[in-house]
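Keep in mind that what you see is a predicted model, and the values were worked out from it rather than measured. So you know, we letter chains A, B, ... as the sequences are listed, proteins then strands, and number each from 1.
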2 protein chains.
Amino acid sequence: MPSLKVTAQDVARAAGVSQPTVSRVFTPGNKVSKGMEEKVRAAADALGYRPNTLARSLITGQSMTIGLIVAYLDNPFYTEALERLSLTLKERGYNIMIFMAANQAADVDHVVNDLLSHQVDGIIMASVSTSSALTERLLDEGVPLILFNRGHANAQLSSVTSANFDGGHRVAEFLLAGGHGRIAHISGWQGASTGLDRAEGFMAGLKAAGQKPLAMVDGLFSRKAAAEAARTLFAQDTTPDAIFVGNDHMAFAVLEVLRGELGLSVPGDVSVVGYDDVAMAAWPSFELTTVRQPANRMVEAVVNQLIDQIEGRANGPKQIEINGPLILRSSAHVPEGWS
Amino acid sequence: MPSLKVTAQDVARAAGVSQPTVSRVFTPGNKVSKGMEEKVRAAADALGYRPNTLARSLITGQSMTIGLIVAYLDNPFYTEALERLSLTLKERGYNIMIFMAANQAADVDHVVNDLLSHQVDGIIMASVSTSSALTERLLDEGVPLILFNRGHANAQLSSVTSANFDGGHRVAEFLLAGGHGRIAHISGWQGASTGLDRAEGFMAGLKAAGQKPLAMVDGLFSRKAAAEAARTLFAQDTTPDAIFVGNDHMAFAVLEVLRGELGLSVPGDVSVVGYDDVAMAAWPSFELTTVRQPANRMVEAVVNQLIDQIEGRANGPKQIEINGPLILRSSAHVPEGWS
DNA sequence: AATTGACTTGAATACGTATTCTTACATGCT
DNA sequence: AGCATGTAAGAATACGTATTCAAGTCAATT
């Protein structure tokens, strides 16, 4: 049983060497003679020594810790991303400290202080409303920062998103090609770039064909709001024959309203298309046609860019867009000959 | 714009006081005169000073960080718990560092080293297979450790679970009272206490009424395995009229197989009961009757016990069981007069 | 008025490591 | 042999804070 705290000093004494020598053995990239190394490792193993990351960070100025700010985890897209993020960062030697931000402006200051006093080397913001206050503040502090799945007007900010405008555009083309004439959009929250860009791309796609949407409602990325929106749409005189929903999470709620409450057939009466392609979209209960956001590639891009910025290897901030395919399932009518 | 690194020394110089005085201002529970405090705070604000947690932790020996080990996040129960855990711990002043353990024995050593070298004050293991190697190792190291939603044979280990045996027992009573005679169980992974206890409670419940299960299959907490188990059950001569599934996550897959693939009516042909009561269980697509695991109360218990242990306030390890109600929805036939 | 005591502040030190600077030593060269 | 060169390990120091200890101030007590 190892004593409670074994320090490099203890190991040094036991091995008959100096503390710096112990440090060199445990710091990659340092030259130590074969004999010394063996002695030190033997002593270290015997005592159960483990370098103290805190002390190491204090002197190197690198905590090897990334702060992850996240507002909610209901949407499984973020859960999947979190999982990959953690694994990918660990591969690169970084750990994740997680911060839930209640999305209240009031919390912002508290979270920022928390993050920075923990000396995180970089910050990833996911699913958090782009509070200018927060981002500006962090930029001022000079901590590498990157938005995940959120864009931002400020070109100083790095971000990784899917090609939301293009995705929305393609959905419009797809639905038009499917012969739909009364197309509605239950959008993602229009206060977030993600929701906004998808909606604008979608509108542009319709416009390019000389069409207009039957209706546009903000679903606020909320199941409840989206369900309510669906009910409202079908309480009108003219009802949609297709709905593009701003993300899968809301689309599931919409499907349930259409089939369960309104007794409609999907895609017989209405086609539904989502956005994200979370794992559940493939479940037999939903079989949702949706635009895939490739979480793994997005995570890869976030990690690369962030670490480049941390290690000074980046040429300034970058806005990265990752394109994903439209995944065809049975919730929407597929046009003849559509590839 | 604050300079890149503002130290207590800088603040002291600016305020015309000593560094310890600055420290005292920022360390609760220290007496500082009114005048000093104001001078220091003014200077600190002007410079944008923020105490360095690393340095603080190094000297106090408290990192105020909890290591959370988690194997996967597919099951939304853990996501909900993670969210609450993070918020609850933050209220108590702690932060979470997250570690994904691929559940491989090989990773264990790596994770443990990582955790301990980060000087975490305590560890929460969630959804991780009870590798004796790992837990024993951590116990040896003397770090407060608590299992979330997993029990363990070792009484030295603290844990918080729902009352799994009792829950399984109640499901048996419920299904028997509903008049079911051919009851099967697709269990949670029998290598985990969670899966095992629920199964044993269920068996005991049947036995108490002189009954035996029609079949028992290990669903391994996996959608795929559970779905396959359901298919197998209905390929037999005698098919179940009720299935107790070891958790909601698997139950959803089972429901899909029963309704979608086999064209059975639930609960007309088969009653299905799950375990967890995740948010999705209430979705119209599933309407799953299930035993609730009260995530909020479980989290509360975990945090209390863990912090008690960290702060030496605990009377040894504790195994806490939290009871949850059976939530009646439409996936199972409700016996006459059942409360 | 002198002494005790409480209270506030500064000086010095410790936490555990990485790094710079020195020194010792072996090696290769002319 | 004598000198330059390179290498490896130890001594000293730094990182930014909290804490112990000593010193100083001032009010209160006798």
**Study point:** Residue whose closest nucleotide on DNA chain D lies nearer the 5' end, A:Pro20 versus A:Met36
**Key:**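 Taking each residue's closest nucleotide, the earlier one in sequence belongs to A:Met36.
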
Check your understanding: Any ion pair linking B:Asp114 and A:Lys90 (charged N to carboxylate O, less than 4.0 Å)?
Key -> yes

Review point. So what does A:Val17 hit on the nucleic acid, given a heavy-atom distance under 4.0 Å: a base, only sugar-phosphate, or nothing?
Key: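 Sugar-phosphate contact only - A:Val17 comes under 4.0 Å of backbone atoms but never of a base.
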
Practice item. Give one of base, sugar-phosphate or nothing for B:Ser23, where a contact means two heavy atoms less than 4.0 Å apart. Key: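 B:Ser23: base contact, heavy atoms under 4.0 Å.
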
Practice item. Specify the residue among B:Gly16 and B:Leu58 whose closest nucleotide of DNA chain C lies further upstream toward the 5′ end. Key: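 The residue whose closest nucleotide sits nearer the 5' end is B:Gly16.
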
Check your understanding: Would one find a side-chain N or O of B:Ser33 under 4.0 angstrom from OP1 or OP2 of C:dT9?
Key ->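 Checking B:Ser33 against C:dT9: at least one side-chain N or O falls below 4.0 Å of OP1 or OP2.
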
**Study point:** Closest non-hydrogen atom pair between A:Met100 and B:Leu82, with its separation
**Key:**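 So the minimum-distance heavy-atom pair works out to CE-O, 4.4 Å.
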
Exercise for review: Please say which of B:Ile123, B:Leu115, B:Ile310 ends up in a side-chain contact (heavy atoms from CB on, under 4.5 Å) with B:Val143.
Suggested key: B:Ile123

Practice item. Could you check whether the rings of A:Phe148 and A:Tyr78 sit parallel, tilted or perpendicular, using 30° and 60° as the cut-offs? Key: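 Ring orientation of A:Phe148 relative to A:Tyr78: perpendicular.
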
**Study point:** Positional range of nucleotides in DNA chain D within the contact set of chain A, heavy-atom, under 4.0 Å
**Key:**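 The contacted stretch runs from D:dA8 to D:dG16.
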
Check your understanding: Would a line drawn from the ring center of B:Tyr72 to the ring center of B:Phe221 be shorter than 6.0 Å?
Key ->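 When the ring centroids of B:Tyr72 and B:Phe221 are compared, they turn out to be at least 6.0 Å apart.
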
**Study point:** A:Arg84 and A:Asn296: side chain donor to acceptor below 3.5 Å
**Key:** no

